[in-house]
Amino acid sequence: MTQSFPALGLIVLFPALGLLFNLFWGQRAGRPAVSFVAPAMIFLSFAVALWGLARLLALPAGSALGFTLWRWIEAGPFHADIALRFDALSAVMTLVVTGVGAVIHVYSVGYMADDEDYARYFTYMNLFELAMLVLVLADNLLLMFIGWEGVGLCSYLLIAFWYGNPQFAYSGRKAFIVNRIGDAGFILGILVIVGALAANGVWTLTFAGMHAHAVLLRPVAVSAGLLLFLGATGKSAQIPLYVWLPDAMVGPTPVSALIHAATMVTAGVYMIARLNFLFTLGPEAMRVVAIIGALTSFFAATVAIVQSDIKRVLAYSTISQIGYMMLGVGVGAFAAGIFHLMTHAFFKGLLFLCAGSVIHALGGEQDMNRMGGLRHKLPTTWVTMLVATLAISGVPPFAGFFSKDLILESAYTSGHIWLWLLGVITAGLTAFYMFRLLFMTFHGQSRVAPDTAHHVHESPPVMTIPLIVLAVLSAVGGLVGLPNGVLWGDAFKRFLAPVVEGTAARALTHPETIGAVGAILSAIAIAAALIGITLAWVLYLRNPDLPETLAERMRGLYRIVARKYYVDEIYDLIITRPLFWGSTYVLQRGVDSLVIDGIVDGTGFTVEESGEGLRKLETGNVQHYAFVYLLGVLMIAAYYIYLVMR
Amino acid sequence: MGGIWLTALTFVPLLGAFAVLMQTEDRAIWRSAFVFSLIPLLISLYLFAAFDPHDGGYQFVEAYGWIPQFGISYHLGMDGISLFLVILTAILISLSILYSGGGDIEMRPREFCFFILLLETGLLGALLAVDLFLFYVFWEVMLVPMYFLIGIWGHGRKIYATFKFVLFTMLGSLLMLVAILYLVGAARAHLGYLTFDLPQLYHVPLTRTEARWLFAGFAIAFAIKVPMWPVHTWLPDAHTEAPTAGSVILAGVMLKMGTYGFLRFAIPLFPEAAIEATPLFMALAVIGIIYGALVAMVQPDLKRLVAYSSVSHLGFVMLGIFALDPQGVEGAIYQMLNHGLSTGGLFLLVGMIYLRRHTREISEFGGLWKSVPVYAAIFMVVMLSSIGLPGLNGFVGEFLILLGTFLGTAWWWFAAIAVAGIILGALYMLYAYERVMWGPITKAVNEGLPDLNRREVAVMVPLIVLMVLMGLYPRPLLSRMEPSVTVLLSRVHAAEAQDNRSPQKTGLQLAAHSRSQR
Amino acid sequence: MTTPIGYFMALSAVLFAIGVAGMLIRRNVIVMFMSIELMLNAVNLAFVALGRRVGSMDGQVIVFFVMTVAAAEAAVGLAIIISLFRSRETLNADELNLLRW
Amino acid sequence: MPLWLFTFLAVIAIVGAFGVILQRSPVHCLLALALTLVDVGVLFVGLGAVTLGFLQIIIYVGAIMVLFLFVIWLLNLQSEAKPNGHLALKFFGSIGAAALAAELSVFFFSAQPISRVTSTPSGYGSVEDLARMLFSDYLVAFEVTSILLLAALAGAIALARRVPGAALLRAPAEIQRAARPGSTVR
Amino acid sequence: MNVFNPSSINFAWLPILPLVAVAGGAIAVLLVGVRLQDEESEGLGFLALVSLLAAFILTLFTLGQNTLAFGGALATDDYSAFFELIIIAVAALTVGMSLQYVADAALAGAEFYGLVLFAAFGMMLMAAAGDLIIIFLGLETMSIAVYALAGFERRDPRSNEAAIKYFLLGAFSTGFLLYGIALVYGATGTIRLEPIRAALTSGLAANPLLLLGLGMMLIGFGFKVAAVPFHMWTPDAYEGAPTPVTAFMAVGVKLAAFAGFLRIFLVHLGPVSARWTMVLWVLAVLTMTIGNVNALVQTSIKRMLAYSAIAHAGYVMVGMAAAPAPSAGGAILYYLLGYAFASLGAFALVIALERARETHGLIADYRGLARTNPGLAAAMALFMLSLAGVPPLAGFVGKFYVFSAALSSGLVWLVIIAVLNSVISAYYYIGVIVAMYMQEGRIEVEQMSARPALLISIAVAVAGTVIIGIFPQPPMNASVNAFASAVGRPAIHATALLP
């Protein structure tokens, strides 16, 4: 049952206010005002979200808060409202989005302190929060799509925030276009769903409504699922549409933390979890999701190993981690997916912020080959980053361990052994490259450029406090999801269950695994992580010149991996260039100018030439005229002879 | 009899045109022209308020005999389909006059205003005419001033563009004239008396061949005006060479005359033929969508790019119209308005930058955001509306059209192809925006460009407000369209019921069905 | 035995055709004009012959008018020829080609 | 009229006609034309149009031909130069004319009732008849001819009298030069 | 042998009064002119105008009474009145636009205006003719006067040349017309039109003589209305003749010729329309197409207008080809009315500009006219648009009626060809507008206020073009009734008119 809760409107209203303020008065009001208003609004939203959560918990499980603002589109029987829905799932998301968002806003105040376009930055940030909240709070697919594209827009704007650099501008566009490709799939998915429902006279796009009529969706479950998943691959940077995310790192680091790590990129996972009733009807679709997820996570991890740009490493690790989430939802463990989504938001956000702090300290340096030995100079950053690294590597008891473990376990128990194996290997890789990053940055002897070296300093508290907050979350955040049977075991899952494991879903999910199996699986995962860590320690601390030699040894492989398997180049070759070439030479010059205009002008030309020809018949000689006259006479006379003779 | 509102609406601009001719001093000319363009705007807004949203028929009707012995009447009426196009026309004309007064038109402002206002009369008349003869007259009347606008105040190969424009359009409309005459002839054989009155012509029994030919006669005229691929090539030239105001009105309103013609005349008059022709027109529409987008992508000239984008957008409109179900048709109408706002806005913006730099070559710009942030920001919004970002007006139309296509027709996969148009739309627009606004400032001239002045902002603001409003709260518009669209479609269904050859018109029939329940 | 009217008509036809030929093949404007007079006479002959056939006087009366017209035409035509000759010093039809195309 | 006489006159007429179009000198042409006209006049008489026959001879030969003659002398025209080209025109012109004659004859011989000669009332073609017709049925026409002649008179005077400022407005050569530059549109 | 007794003639004054007025005016002009110098010819012009005005008023009296006067020689019906009124107006406008011209060119005013009046007399006669001989005489009176007028600018070799060409071909085709009359006379035994129709309705429609005569008359009139292939003289004559005369030829002569043409064929040969509509179909197509395509490439404005005149004759013949349709006649009459105003106006403009300076009258010379004289430019644009058939101007409505008539008699393809031709024509008509409005150039126009008559003529033409375009009802009724009266039918109700 849904209870009306108008305060939901406030959650989206506050960012909107912040947006308007920054947009119109930001410049005049000055930095202090902006740096107060922008984060404040998000905190307010966060507060309202907490209030909402409290209300929600008070209600019986499986109920939701709702608030309809107004009837949006109505054409014929089709209609969609602008309405918000606050159930367990969206509650989690909202809290993550507003909470992490708020923290990162604060961090930005420090990070962007000396940027000229201060107001514009926070305008975008607030706009993003707004869009993201619309996305998670939407109670129907169409409204969700507003947020879906809205966040895309914001990422576009923020990636290209320093538009002066053509490379950045390009990356921004790339992000938007690739996302648009996904969105196309999303729209088609919506159409398929509406079509299937309308074919039975049902006109609804609300999640509740669709859930109620899930049966009608069975015939189209696979197609709709895959189409929507295409949208997810775009937004959540999965194969084949992940290419935009690494480039997206050119944006300000807090943006990478908030949008390209914590929140937006996980929207795909959220969407799938949201539509679990649909996906569970299409097992094939689910399988595709799982496989893509696993592959992506592995593939991205391998690439991450050889990157030297600190943010690129994190980017690929993000792709990899989202792959995990996809794997989770793909095998039907929606709760696990969301759980990992949340923990990931904590530690990945933290990782980026730390990286930001490092970059900040080094005056914009991002190449890990010019870092090292920073742990004394940047203690706080080092500690927090260590926590985050442990978390992502899946070392207990940090947050990442529980969520990742849950996913792997679900993968195994749901019978996808190979995917589970891949997951485990990836876990090892993850640990390896994360610690590689940690070691290269903070340990060993400093490779920092001398001129920058002397004024390296820890970041101001406005930046470090957020680090600490997130560090705490990364440390303990996983405890909400203790394995089954332990203490309040599996609280998170139980909280989400009514939303994500509805009637249809239950059938598919695995029987509650016995502790023993779970323990073994966990042990294997931990082992993989530890192996990875040790390997990293060996390679990058014991004898740091070994990597080069290895790279020398397997140069070919190394280059391929280092160049990210040449995927960008291939896309460029088989898609972009032919498109432009064809448009220019075939369509524009060919069809338009040559054929069509050719015909048009040709006709005119012909008429005119014949005119010139006829004109010459007017020789000016009377007798020629008379002769033509006579011809006419003969013709007419001949006609009448014909009439007579007939 | 609805008073004289529509007559006033139609002929106040004409009055203004001659009033302007009286003026001598430039400021006075612009001021009076603007005032006279505001009056129809106010009237149309009043009509919007007074419009009965439950009535699908013509409202504010005026009917007087004009040439009674030939059954030609002065018959004006307004329904949910024309209402918004009328408002759009009034708005865009006012804005383009306001804009042009700001230094865009230095040469012979008097004639300029004269022609613009004359054009407005033609446009409004064509939108309000319910009598085929009257419609044809206005249809031709609106051609002439536009042709002067391009020819006199245009740039570059304006003469060539003008000729192409006129000859293309005239060819189409004369064929339509033949069709009209033939139809009236058939009507007389059936009714026993002579009439050009649209509603009475609806029920003329025609053989299938006749219907096909007549539909073709109308359809060609309208398709050229739309323009549909492959008769679109007059458009880039006309748009590119036309003065800004000309492009705005041409793109914003005039192209809609084609699509409007389909809705008002071609389809309801010959539903069977229309249904037969559906696959053809949908195919052309889709081709137009993709084609226009691709060609736009590689245009070096900003204005030309916008022009080709029109081809793509109008493709969407046609797609929606031939979906022949409520979602599609309402989406199409809505998309007409969106296109009017966004493309009109884009042309205005291009004009503004042209005024500053006297070039439209994209390669001439770069990094403009630094020098003209306000301009860049506004451009961004308008662009987003044009590429159909959800939350702005463009999305509502595009989505409804896609939905309609998907539901309404057996050729649902056209929707799938059309979606690619949405991707490409984003591609060419953002690509251009990136090259113009972002990156480092390459040309020194672009450093010190003055940002938009008050007048220019005043021109753009209404558009942007409308974009947001229509994006978030389209309901008042859609609800007013609905009854008229229902009436239109019921005709089509009636015809379809007679020959049931399109098996899986799922969404459509259900739509009609479930409405009948409500 | 009397001659059938048909013969007269044939004769008129022949004369008419000869007139036409003259109009076509002679360069001299005056002679062309003469050929036209010839044509008119052929027509006159036709009128009289047909009038005879239908047995009414109308044919002859018409011929009377035709003669008048011929005279009038001659007056104006020759005047034109004169003024033409004054300005152009030629009556050769080939050289009258200021106006063409 | 007996057939032999008709044949005789017809031959003369045709010969005369050919004389008009084949001879070099305008004067000779004129004489040949006069011959044909007289001959036609005789044919009129033969057809019973006595008055008309005489009128033909008086008006045509007496007035119009003389007018021609005056003009020819006034402009003292020489005989045409040797046939200057235009053979094509001459050739096809003659062909066309022949074809015309042929086509016309086809009609006349395909029209059956044509050769019947109706018995004519007494005094057919007499001056009285002519006059009565002229002043009754054809009164309007008759009056109109007066206006016609007046118009011709005015026209002839206007054209033939000396030009006040004798100078030409523009010399033919110049006009030739001023002939059309490239077309305007484009 | 009874003596001649005048009372045996039924004598009706009224029908001939307008003719008398015009002819009298002509004679008066000639007589007064003897005493005047060429320089002071305006007076004569006004005298001519007065007589025309008188004729106009007198014609108005003849309205409504449909009688055959003089034993059928003159048909006094609304049809003749309709044409006479237009012709008188045209003549008056011609005089109006000539006043300045004649004075400037120092032409012999007496003869000029006299001849214009004589020509008008002939034209009116053609319109009012009740038998073939009257039509013939009227046509000759008109032609002879116009031959002379064409050669009036004697110092201009082109004028002489125009005159001689026009004259030779005119006389040539007179032969054919006469032959046609002769044959029809031979076939039907009469030259009165009414009996001819009676004879036709009583069989003998297949008579070869009749058919040939029909064809020959068709040729004769085809020449006068400048139908292809009998049109070759038109451009030359139009270009060479003094411009006011050109206007007079393009409008007056054409109208009169059609007046006779229509009366003979549409009205009295209507019963055998099956025998000639086919020919007109072909002629119409040829005329429109060749006229338009030729006009397309002309650079001299007068030549262009000449070809456009040819093309318009073609449109009218489309209407004639639709003879079986009851609406054809009225439509054609209306079309001619609209054409008359627009065409006259255009020529008036040509006069105004050609006197402005020594121009060859190239379209190119009109560049920039919109700058130097917006008023004139606007007027010219209006005429061009009307000729191109753009609503709501007269030209459009005319085309509209004619096409609908043609469609109603099933000539779909003919109409489509006509429509395509209209598109072509738009091209060159707009070419003039382009030159005036869109191309740079400087043409000085001498102060129009110095030439009130010309200005008034233009104003009248503009008014006519616009008004009968926007309020087509009254003129349409007029033309419908006019034609009906000629057919002898009571004015049919209009709804019977369109398809």
Side-chain angles (χ1 to χ4, degrees), chain A residues 23 70-78 82 120 131 134 142-143 145-150 153 156-157 160 163-166 168-170 172-173 176-177 180-181 183-185 187-188 190-192 194-195 198-201 203 579-580 582-584 587-588 591-593 595-597 600-601 604, chain B residues 163-164 167-168 230-234 236 291 294-295 297-299 325-327 330-331 367 369-370 384 389-391 395-396 399-400 402-404 406-407 412 415-416 419-420 422-423 426-427 430-431 434 437-440 472-475 478-479 482 485-486 506-507 510-511 513-515 518:
Chain A
L23 179 61
W70 63 77
R71 172 56 56 94
W72 180 28
I73 299 182
E74 178 168 31
F78 174 82
I82 292 194
R120 183 160 64 91
V134 170
L142 207 53
L143 183 58
F145 190 67
I146 290 191
W148 187 267
E149 282 232 330
L153 169 68
Y156 162 68
L157 292 171
Y163 54 82
N165 177 333
F168 294 10
Y170 167 77
R173 189 178 95 235
F176 195 91
I177 300 298
R180 261 270 157 143
I181 299 175
D183 299 349
I187 292 189
L188 287 177
I190 298 181
L191 295 185
V192 172
V194 179
N200 301 285
W203 296 87
L579 211 55
F580 276 76
S583 313
T584 316
L587 299 186
Q588 159 93 45
V591 180
D592 244 35
S593 306
V595 181
I596 299 178
D597 274 355
V600 174
D601 299 346
Chain B
F163 271 101
K164 220 167 166 186
L167 294 183
F168 258 97
V231 286
H232 65 284
T233 55
W234 63 268
Y291 186 98
L294 285 176
V295 177
M297 187 172 65
V298 295
Q299 292 304 320
D325 64 351
Q327 294 80 19
E330 287 177 35
W369 191 310
K370 211 166 233 65
L384 292 174
L389 184 89
F395 173 71
V396 181
F399 177 76
L400 284 177
L402 291 172
L403 185 61
F406 193 85
L407 297 181
W412 57 269
V419 170
I422 296 185
I423 304 172
L427 181 53
L430 299 188
Y431 184 43
E434 175 188 334
M437 301 294 177
W438 287 350
L472 291 178
Y473 193 45
R475 188 113 176 288
L478 292 175
S479 62
E482 181 107 15
V485 174
T486 315
T506 57
L510 285 161
H513 172 65
S514 57
R515 178 182 306 95
R518 277 196 283 151

Examine whether an atom of [X] lies under 4.5 Å from a heavy atom of chain B, and if so say whether it belongs to the side chain, the backbone or both; otherwise answer neither.
| X | answer |
| --- | --- |
| A/Ile181 | both |
| A/Val192 | both |
| A/Tyr170 | both |
| A/Leu188 | side chain |
| A/Leu191 | both |
| A/Leu579 | both |
| A/Trp72 | both |
| A/Asp601 | side chain |
| A/Ile190 | side chain |
| A/Val595 | neither |

Which heavy atom of [X] sits nearest to which heavy atom of [Y], and what is that distance?
| X | Y | answer |
| --- | --- | --- |
| B/Leu407 | A/Ala198 | CD2-CB, 4.3 Å |
| A/Gln588 | A/Thr584 | CB-O, 3.2 Å |
| B/Gln327 | A/Pro77 | NE2-CD, 3.6 Å |

Is the side chain of [X] donor-acceptor paired with the backbone N or O of [Y] at a distance under 3.5 Å, no angle test?
| X | Y | result |
| --- | --- | --- |
| A/Glu149 | B/Leu389 | no |
| B/Glu482 | A/Ala75 | no |
| B/Thr233 | A/Ser593 | no |
| A/Trp70 | B/Leu472 | yes |

Heavy-atom cut-off 4.5 Å, strictly under: side chain, backbone, both or neither for B/Ile422 against chain A? both
Could you look at B/Leu167 and say if it's the side chain, the backbone, both or neither that has a heavy atom under 4.5 Å from chain A? neither
Applying ring pair (Phe, Tyr, Trp, His ring centres under 6.0 Å), can you list everything that pairs with B/Tyr431, at least two apart in sequence or on another chain? A/Phe580
Most contacts with chain B, counted as non-hydrogen pairs under 4.5 angstrom, among A/Asp183, A/Leu142, A/Val134: A/Leu142
For chain A, which of [options] has the most heavy-atom pairs under 4.5 Å?
| options | answer |
| --- | --- |
| B/Leu403, B/Val295, B/Val396 | B/Leu403 |
| B/Phe399, B/Tyr291, B/Tyr473 | B/Tyr291 |
| B/Phe168, B/Trp438, B/Phe395, B/Trp234 | B/Trp438 |
| B/Val419, B/Leu400, B/Val231, B/Leu430 | B/Leu430 |
| B/His232, B/Arg475, B/Gln299 | B/Arg475 |

Going by heavy atoms in the side chains, are B/Glu434 and A/Phe176 under 4.5 Å from each other? no
Partner residues of A/Tyr156 under the side-chain hydrogen bond (donor to acceptor under 3.5 Å, both in side chains) criterion, sequence neighbours left out: none
Take A/Val591 and A/Ile596 through the test side chain to side chain contact (heavy atoms under 4.5 Å, CB included) and record every step on the way to the result. CA-CA 6 Å; A/Val591 180; A/Ile596 299 178; 4.0 Å; yes
